[in-house]
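Working notes, structure below.
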Amino acid sequence: MYKIVSKKDLASNVKMFKVYAPRVAAKAKPGQFIILRLHEKGERIPLTITDWSKEEGTVTIVVLEAGKTTKELASMKEGDYILNFVGPLGKPAEVKYYGTVAFVGGGVGIALIYPEVRAFKEAGNKIITIIGARTKDLLIFEDELSKLSDELYVATDDDSKGHHGFVSDILKKLLEEGKHIDLVIAVGPVIMMKVISDLTRPYGIKTIVSLNPIMVDGTGMCGSCRVTVGGETKFVCVDGPEFDGHLVDFDNLIARNRRYLEEEKIALERFLSHG
Amino acid sequence: MGKPQKIREKKVPMPEQPPKERIKNFNEVALGYTAEMAVEEAKRCLQCKPKEGQKICVDGCPVGVNIPEFIKHIREGDFEGAIRIIKEKNNLPAICGRVCPYERQCEMYCTLGKRFEPVGIGRLERFVADWELARGVKIPEKAPPNGKKVAVVGSGPAGLTAAADLAKLGYEVTIFEALHKPGGVLIYGIPEFRLPKRIVEAEVEYVKKLGVKIECDVVVGKTVTIEDLLKEYDAIFIGTGAGLPNWLGIPGENLNGVYSANEFLTRVNLMKAYLFPEYDTPIRIGERVATIGGGNVAMDCARTALRLGAKESYIVYRRTEKEMPARAEEIERAKEEGVIFKLLTQPIRFIGDEKGWVKQMECVQMKLSEPDETGRRRPVPIPGSGFLMDVDTVVVAIGQSPNPLIPKTTPNLKTGRKGEILVDEKQRTSIEKIFAGGDITTGNATVIAAMGAGKRAAQAIHEYLSGKS
Ligand SMILES: Cc1cc2nc3c(=O)[nH]c(=O)nc-3n(C[C@H](O)[C@H](O)[C@H](O)COP(=O)(O)OP(=O)(O)OC[C@H]3O[C@@H](n4cnc5c(N)ncnc54)[C@H](O)[C@@H]3O)c2cc1C
Ligand code: FES
C-alpha cells in the first residue's frame with residue numbers, strides 16, 4: 001500500500017500526486033515510469049515519473065483524466081492508499097552534453113519533460129522548450145520550465161496564449177530560421193511525436209520520443225507494449241520508453257493503442273454511472 | 001503383504017465437469033476424489049519393495065516423495081499421516097497433485113502400470129493435500145532462528161520451495177516479487193480451470209506461516225539490485241523463471257489481435273479479464289482463435305479461448321500429436337472440449353485488415369523428415385502447400401526464454417546460450433553467495449523440476465552458511 005502524501009490540481013482535468021514509495025524514489029531517474037494498480041479489481045497502468053525525492057521517499061506523478069483508471073485515481077485524496085506502485089521501470093534517459101537541446105511537450109507530456117529538462121540543463125545543455133496544449137489552463141509546469149529554459153515557446157489550440165496552433169509549427173519555424181539544434185526530445189500524444197519526428201528527419205537532427213503503449217506487467221514478460229522500431233520488435237517497458245523517433249513505426253503504435261477502445265468506453269461509462 | 005486380491009485394471013475415474021458445461025465457466029475441470037474413491041485407488045498400490053537396480057515410483061519423483069508410504073496411509077484411512085509424509089519433501093502438494101506430468105514421472109515407473117493403468121499417484125496426492133487444506137494446514141516444527149538472512153527473488157514454485165525449506169531450517173527469509181501477487185506462473189499462467197487460484201493462495205499462505213516474508217512490487221534489477229541485496233543478506237536465491245515470450249519472427253506479428261501466450265494468460269488469470277468489466281483489465285477475443293504451439297501453455301490458451309466465447313479454437317502445431325510436449329491428459333481434455341487440431345502446419349505470415357487487426361494467417365503444410373543424427377524428426381515445409389486460414393485472434397505459444405532482467409543488471413553473473421543463468425549441481429552461480437534454480441536456469445520446464453531445484457538450493461545454501469561447504 002502506497003500513501004498519497006499530497007495532491008494538487010494542476011488544471012481542471014490534470015492532477016499531481018506525491019506518493020510515498022521510498023524504494024522507487026531511491027532509484028528513480030529521468031525518463032523512467034511506474035506501474036500502479038489502484039485496488040484489487042484494478043488494471044495496471046504506466047505513468048511517467050515527473051519528480052522524486054530520495055529524502056522524503058516520495059515519487060511525483062501527473063495524471064491526465066482520460067479513461068476509467070485515471071479518473072478514478074484523480075478522485076482519490078491526500079491520505080488515501082494506492083494498492084500497488086512499482087518501479088522505476090524502463091531505461092533512464094541518456095543524459096549528457098549535446099549542445100542545444102529542444103524539448104517539445106504536448107498536453108500532459110509537458111509535465112513529463114520537466115525532469116529531463118532539469119537533468120539536461122544540469123548537464124550543461126542550452127535548453128529550448130516548446131510546450132503546447134488545448135488551452136492556456138492546461139499549460140502545466142510553465143513556470144518551472146521557464147526557469148530552466150534558455151528559450152520557452154508556448155502554443156495553444158484555442159489562441160488563449162502564445163502561438164495559435166501546434167508545437168510543431170513553432171519547431172518548424174525555428175528550424176526554417178536556421179536555429180542550431182543538436183537534439184530534440186518530444187513527449188506527448190503519439191500523433192504529435194510522429195509529426196515532430198517527420199519534421200526533424202530532413203534536417204538529420206536526432207529526435208527522441210517517449211512512447212506510451214498499453215502495458216500489463218511492465219517487466220518485459222507479456223509483450224502487450226511491443227512496437228516496431230527500425231523494423232524490429234521492441235518491448236517499450238524494458239527497451240524503452242524512449243526511442244529514436246526516426247525509427248519508430250508510429251502507425252503501428254497508433255493502431256495498437258486502439259486495441260481496447262470499446263472496452264475502455266464500457267469501463268468508463270460503468271465507472272461514471274456507479275462509481 | 002497378503003495375497004494380491006483382484007486388482008482394478010483402471011484408475012478409479014476422476015469426477016469431472018462434463019465438457020459441454022465446463023467450456024462455459026472457469027471452474028476447475030477435475031473435481032477431485034472423495035475419501036472412498038481415494039481409499040479404493042490406494043488399494044491398487046502393490047507396495048513394491050524394490051530389488052537392487054529396480055526403479056519404482058519414488059525414483060520418478062524429482063523431489064523424492066515416499067510414495068508407497070503415503071499411499072499406505074491413505075489405504076488405512078490415515079489421511080493426516082499421508083500428508084505428513086508428502087510434506088516432508090513437497091511443500092506445495094495441492095499444486096503438484098494438479099499439474100505434475102505424472103505420466104512421465106512417478107506413474108511411469110509404477111509396477112502396476114506395466115500391466116494395467118498405473119496407480120493414480122497424482123490424484124491421491126491432490127486428495128490428501130485438499131483434505132488438509134479443508135481442515136486447516138498444520139505448521140511443522142521449525143529450527144530455532146539462526147540469525148542469518150536469505151533473499152529469494154521470484155515467488156514461483158522454485159522461490160517458494162527454497163524459501164519454505166530455508167525457513168524450516170531457521171533462516172530469516174524474504175521473497176521479492178515483481179508482480180502484485182505471489183505464485184509466478186501458478187498465478188499468472190496456469191488457468192483457474194486447471195489450478196484454482198485459491199489453491200495457490202493457500203499454498204502461499206502456508207509458506208508465509210513458516211515465517212517467510214513476501215514483498216511484492218519489487219522488480220529486482222530495477223527497484224533494488226542484486227548488489228543492494230548482497231549488502232543486506234547472507235545469501236540470495238534467484239528463481240525468476242522463464243518469462244520472456246518467444247515469437248515466430250514472421251511478418252504481421254505486431255498486428256492487433258496477436259497475443260503472446262503470456263499476455264493472453266496474464267490478462268485472463270492474473271488480471272481476471274474474464275470478469276471484465278467487474279475487473280478493469282479487458283481481453284479481446286474473436287470468433288476464430290488460433291493458438292500456435294503444442295505444449296501445456298498452448299493447450300491452456302486454446303481452452304481459455306473457448307471459455308471466453310470463441311466459436312472455433314484451433315491448435316496449430318508444426319509436428320504431429322505424438323511430438324506434442326503437452327501432457328496427454330491436457331490434450332485429451334482440449335479435444336473433448338472441441339479444440340480443433342491443425343497438425344503439421346506452420347504459419348509464415350499474418351495478414352491484417354485496414355485497421356491493423358489480424359484477419360488471416362498464411363500457413364504451409366509440413367512433413368516430418370527422416371530422423372537426424374539426434375534421432376529427431378524435423379518438420380520440413382512441403383513446397384507449394386501454402387494456404388490461408390481466416391482468424392481474428394492469434395495466440396503465440398511457442399515457449400518462453402529465461403527472464404533477462406537480472407543477468408543484464410548483475411555484472412559477472414554467467415549465463416548460457418539462451419540466457420539461462422549457469423549453475424552447478426548445487427545450484428551455485430558464478431557469484432559467491434548467489435544461487436539460482438527453476439526455469440531461469442533450465443528454460444521453460446515443470447513446476448516440480450523448479451521445486452526440486454529450490455530444494456537443492458536451500459540445502460546448498462544451508463551447507464554454505466553453516467560452514468559445511
Ligand atoms: C501456461 C503455463 C502452463 C504450464 N503448465 C504446466 C503444467 O501443467 N505442469 C508443469 O509441471 N509445469 C507447467 N508449466 C511450467 C511451470 O509453470 C514452470 O516450469 C514453473 O512455474 C517454473 O517455476 P519458477 O519458480 O522457476 O518460475 P516462475 O513460476 O516463472 O516464477 C518466477 C517469478 O519470478 C518473478 N520475477 C521475474 N523477474 C523478477 C525480478 N527481476 N524481480 C522480482 N521478481 C521477478 C516473476 O514475476 C514470477 O512470479 C506451465 C507454464 C505455463 C506458462
Ligand atoms: S508491458 Fe508486458 S512486456 Fe511490456
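The basis for the numbers below is simple: all heavy atoms, side chains too, and nothing from hydrogens, waters or symmetry mates. Throughout, a chain's letter reflects where its sequence line sits, starting with A, and its residues are numbered from 1.
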Which bit of B/V396 is near chain A, if near means a heavy-atom gap under 4.5 Å: side chain, backbone, both or neither? neither
Could you tell me which portion of A/I214 (side chain, backbone, both or neither) has an atom closer than 4.5 angstrom to a non-hydrogen atom of chain B? side chain
Top residue by heavy-atom pair count (under 4.5 Å) with chain B, among A/P88, A/G220, A/A267, A/G218? A/P88
Taking the side chain as C-beta and beyond, is there a heavy-atom pair between A/M221 and B/L244 under 4.5 Å? no
Heavy-atom pairs under 4.5 Å with chain B: which of A/L83, A/V86, A/I35 has the most? A/V86
Give, as side chain, backbone, both or neither, the part of B/F276 having an atom under 4.5 angstrom from any heavy atom of chain A. side chain
What part of B/L275 gets closer than 4.5 Å to chain A, counting heavy atoms only: side chain, backbone, both or neither? neither
Tell me which donor-acceptor pairs, judged by distance alone and kept under 3.5 Å, run between chain B and chain A, one pair per line.
unit_1	atom_1	unit_2	atom_2	d
B/H180	ND1	A/R44	NH1	2.8
B/E215	OE1	A/R23	NH1	2.6
B/E215	OE1	A/R23	NH2	3.0
B/D217	OD1	A/N84	ND2	3.2
B/D217	OD2	A/Y2	OH	3.0
B/D217	OD2	A/N84	ND2	3.0
B/K222	NZ	A/G90	O	2.9
B/T223	OG1	A/G87	O	2.9
B/D228	OD2	A/K27	NZ	2.4
B/E253	O	A/R226	NH2	2.7
B/N254	O	A/N252	ND2	3.4
B/N254	O	A/R256	NH1	3.0
B/N254	OD1	A/R226	NE	2.9
B/N254	ND2	A/T228	OG1	3.0
B/N254	ND2	A/T233	OG1	3.1
B/N256	ND2	A/A255	O	2.9
B/V258	O	A/R226	NH2	2.9
B/Y259	OH	A/Y260	OH	3.0
B/S260	OG	A/C222	O	2.5
B/N262	ND2	A/M221	O	2.8
B/E263	OE2	A/S224	OG	3.4
B/E263	OE2	A/R259	NH1	3.3
B/R267	NE	A/Y260	OH	3.4
B/R267	NH2	A/S224	OG	3.4
B/P277	O	A/R270	NH1	3.2
B/E278	OE2	A/K41	NZ	2.6
B/D280	N	A/K41	O	2.9
B/D280	OD1	A/K68	NZ	2.6
B/D280	OD2	A/K68	NZ	3.0
B/R284	NE	A/E263	OE1	3.4
B/R284	NE	A/E263	OE2	2.7
B/R284	NH2	A/E262	OE2	3.3

So which of B/P282, B/A261, B/P404 has the biggest tally of heavy-atom pairs under 4.5 Å with chain A? B/P282
With a 4.5 angstrom heavy-atom cut-off, is it the side chain or the backbone of A/F235 that approaches chain B, or both, or neither? side chain
Supply the atom-to-atom distance B/L270 CG to A/C222 SG, rounded to the nearest 0.5 angstrom. 10.5 Å
